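It should be emphasised that the depicted structure is a prediction, and the values quoted were computed from it without experimental measurement.
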Amino acid sequence: MTALPRTPSFRLDGRRALVTGASSGIGLAAAAALAEAGAHVHLVARRPAELETLRDALRASGAQADATALDITDLAATAAMVAAHGPFDILVNSAGLARHAPALDTTPEDYDAAMNLNLRAAYFLTREVARGLIAAGKPGSLINISSQMGHVGGPDRAVYCANKHALEGMTKAMALEWAAHGIRVNTLCPTFIRTPLAEQTLKNPERKAWILSKIKLGRVGEVEDLMGPITFLASDAAALITGTHLIVDGGWTAE
Ligand SMILES: NC(=O)c1ccc[n+]([C@@H]2O[C@H](COP(=O)([O-])OP(=O)(O)OC[C@H]3O[C@@H](n4cnc5c(N)ncnc54)[C@H](OP(=O)(O)O)[C@@H]3O)[C@@H](O)[C@H]2O)c1
């Protein structure tokens with residue numbers, strides 16, 4: 001009998017995952033997906049009540065979950081949290097914000113807020129999680145939630161595109177630095193996904209028509225569309241994937 005190759009496991013039993021932005025949208029779904037695959041999830045966002053509700057729901061489903069209310073733009077507090085609760089085998093960094101405006105109208109305050117969370121906090125958080133893994137001599141999978149807007153431009157999105165394109169570059173460079181430690185670093189790049197962050201844009205009929213004309217599969221994304229891709233990137237099934245991006249955009253960027 002020929003010995004057949006076996007698909008590497010998509011399971012995450014015994015792994016510890018840190019998920020930021022876990023109180024809402026994509027981060028919440030990421031936490032649920034990783035927990036469903038067997039990981040112990042540590043939930044982070046600023047709002048404690050939302051985190052506790054999710055933590056309790058995950059525990060009730062039989063998963064292992066903890067939560068820390070934290071503003072990840074506080075770099076010292078974030079580093080202390082990672083040192084206290086890590087090392088984390090998996091990071092899904094989904095904390096993010098959008099303040100869309102025409103480039104001519106962008107205020108320095110909105111520029112700073114978006115860059116501070118979407119890029120600066122992501123940079124130092126990813127670094128601290130890698131530091132913990134390297135100290136423990138463990139491999140890992142670090143996933144930054146970027147966007148299709150990390151690969152193309154979009155209206156009123158000069159700042160958002162700037163920080164997501166930068167996140168792509170940061171991810172590639174970190175992947176090169178930490179590959180020797182077995183630490184993989186990738187981005188997941190969604191199209192428009194129905195979450196509180198996208199709500200305003202999706203309510204605008206002109207924008208909605210534009211979005212549906214660009215998503216060739218003909219519908220806006222749901223958080224469930226990202227749960228398989230996140231689990232895949234976190235798992236041994238993606239063992240040779242690093243320094244790159246997985247675009248989940250219904251064909252938007254194919255055009
Ligand atoms: N939805 C889309 O269409 C879409 C498309 C492409 C990419 N993305 C990206 O996906 C990520 C998640 O977006 P989403 O749609 O899930 O948005 P969302 O529902 O608004 O969730 C954003 C999350 O970030 C957390 N957060 C915000 N500021 C924080 C801070 N300073 N420290 C810690 N946590 C903070 C929020 O929790 P608290 O308020 O409790 O802190 C919340 O859990 C973002 O990076 C976004 O750019 C979204």
Side-chain angles (χ1 to χ4, degrees), residues 5-22 27 30-31 33-35 37-44 64 66 68 70 72-96 117-146 150 163-189 226 228-247:
R6 290 186 61 102
T7 309
S9 179
F10 288 77
R11 293 290 307 172
L12 302 172
D13 303 282
R15 313 258 170 106
R16 301 191 66 249
L18 175 63
V19 181
T20 74
L34 298 176
H40 176 142
V41 290
H42 195 105
L43 315 169
V44 165
Q64 292 176 284
D66 291 306
T68 303
L70 179 69
I72 68 162
T73 65
D74 181 339
L75 303 186
T78 302
M81 184 278 297
V82 173
H85 296 284
F88 295 105
D89 309 283
I90 298 161
L91 167 67
V92 176
N93 179 37
S94 189
L117 178 60
N118 296 3
L119 186 59
R120 187 170 183 266
Y123 185 101
F124 288 99
L125 171 66
T126 309
R127 191 185 76 163
E128 290 314 307
V129 174
R131 194 193 298 287
L133 286 171
I134 292 166
K138 296 184 80 182
S141 174
L142 315 185
I143 303 161
N144 278 309
I145 305 300
S146 174
N163 59 61
K164 295 300 188 183
H165 278 253
L167 198 58
E168 295 295 320
M170 172 195 115
T171 295
K172 288 183 192 301
M174 288 178 170
L176 294 176
E177 269 193 44
W178 301 330
H181 298 283
I183 299 171
R184 301 185 291 106
V185 197
N186 294 291
T187 62
L188 182 78
C189 301
L226 306 178
I230 287 169
T231 305
F232 165 64
L233 280 179
S235 76
D236 293 345
L240 199 60
I241 299 179
T242 197
T244 191
H245 50 271
L246 179 51
I247 300 192

Candidates His42, His40, Arg16 - the one meeting side chain to side chain donor-acceptor pair (under 3.5 Å) with Asp66
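That would be His40.
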Measuring from [X]:[atom1] to [Y]:[atom2], what's the distance to the nearest 0.5 Å?
X      : Y      : atom1 : atom2 : result
Phe232 : Ile241 : CZ    : CD1   : 3.5 Å
Ser94  : Ile143 : OG    : CD1   : 10.5 Å
Leu142 : Trp178 : CG    : CH2   : 6.5 Å
Leu91  : Leu125 : CG    : CG    : 5.0 Å
Ile183 : Leu133 : CD1   : CG    : 4.5 Å
Leu119 : His165 : CG    : NE2   : 12.5 Å

Tell me the closest heavy-atom pair linking [X] and [Y], and the distance in Å.
X      : Y      : value
Ala30  : Val92  : CB-CG1, 3.9 Å
Leu167 : Ala122 : CD1-CB, 3.8 Å
Leu34  : Ala234 : CD2-CB, 3.9 Å
Ile72  : Ala95  : CD1-CB, 3.8 Å
Ser146 : Gly150 : OG-CA, 4.2 Å
Ala31  : Val41  : O-CG1, 3.7 Å

So do the side chains of [X] and [Y] get within less than 4.5 Å of each other, counting heavy atoms only?
X      : Y      : value
Ile230 : Leu188 : yes
Thr78  : Phe124 : no
Leu18  : Met81  : yes

Please name all residues satisfying side chain to side chain contact (heavy atoms under 4.5 Å, CB included) with His245, sequence neighbours left out, ordered by chain then number.
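In terms of side chain to side chain contact (heavy atoms under 4.5 Å, CB included), with neighbours along the sequence ignored, His245 is linked to His151, Glu168, Lys172, Thr187, Cys189, Ile247.
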With Ala83, which residues qualify under side chain to side chain contact (heavy atoms under 4.5 Å, CB included), at least two apart?
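Partners of Ala83 under the side chain to side chain contact (heavy atoms under 4.5 Å, CB included) test: none.
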Filter on side chain to side chain donor-acceptor pair (under 3.5 Å), then keep only pairs touching residues 230-242, sequence neighbours left out; what's left?
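Residue pairs passing side chain to side chain donor-acceptor pair (under 3.5 Å), neighbours aside: Arg15-Asp236.
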Pairwise side chain to side chain donor-acceptor pair (under 3.5 Å) hits with a residue in residues 83-93, at least two apart:
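Every pair satisfying side chain to side chain donor-acceptor pair (under 3.5 Å) with a residue in residues 83-93: Thr20-Asn93, Asp89-Lys138, Asn93-Asn144.
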Residues Thr73, Arg120; criterion side chain to side chain contact (heavy atoms under 4.5 Å, CB included); working and verdict
CA-CA 8 Å; Thr73 65; Arg120 187 170 183 266; 6.0 Å; no
Any side-chain to backbone donor/acceptor pair from Arg184 onto Ala238? Under 3.5 Å, distance only.
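A pair under 3.5 Å: yes.
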List for me each residue that meets side-chain hydrogen bond (donor to acceptor under 3.5 Å, both in side chains) alongside Thr171, sequence neighbours excluded, and say none if there are none.
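Per chain and number, Thr171 pairs via side-chain hydrogen bond (donor to acceptor under 3.5 Å, both in side chains) with no residue.
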Counterpart residues, side-chain hydrogen bond (donor to acceptor under 3.5 Å, both in side chains), relative to Thr244 (two or more places apart):
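Testing Thr244 for side-chain hydrogen bond (donor to acceptor under 3.5 Å, both in side chains), a comparison that skips the adjacent residues, returns none.
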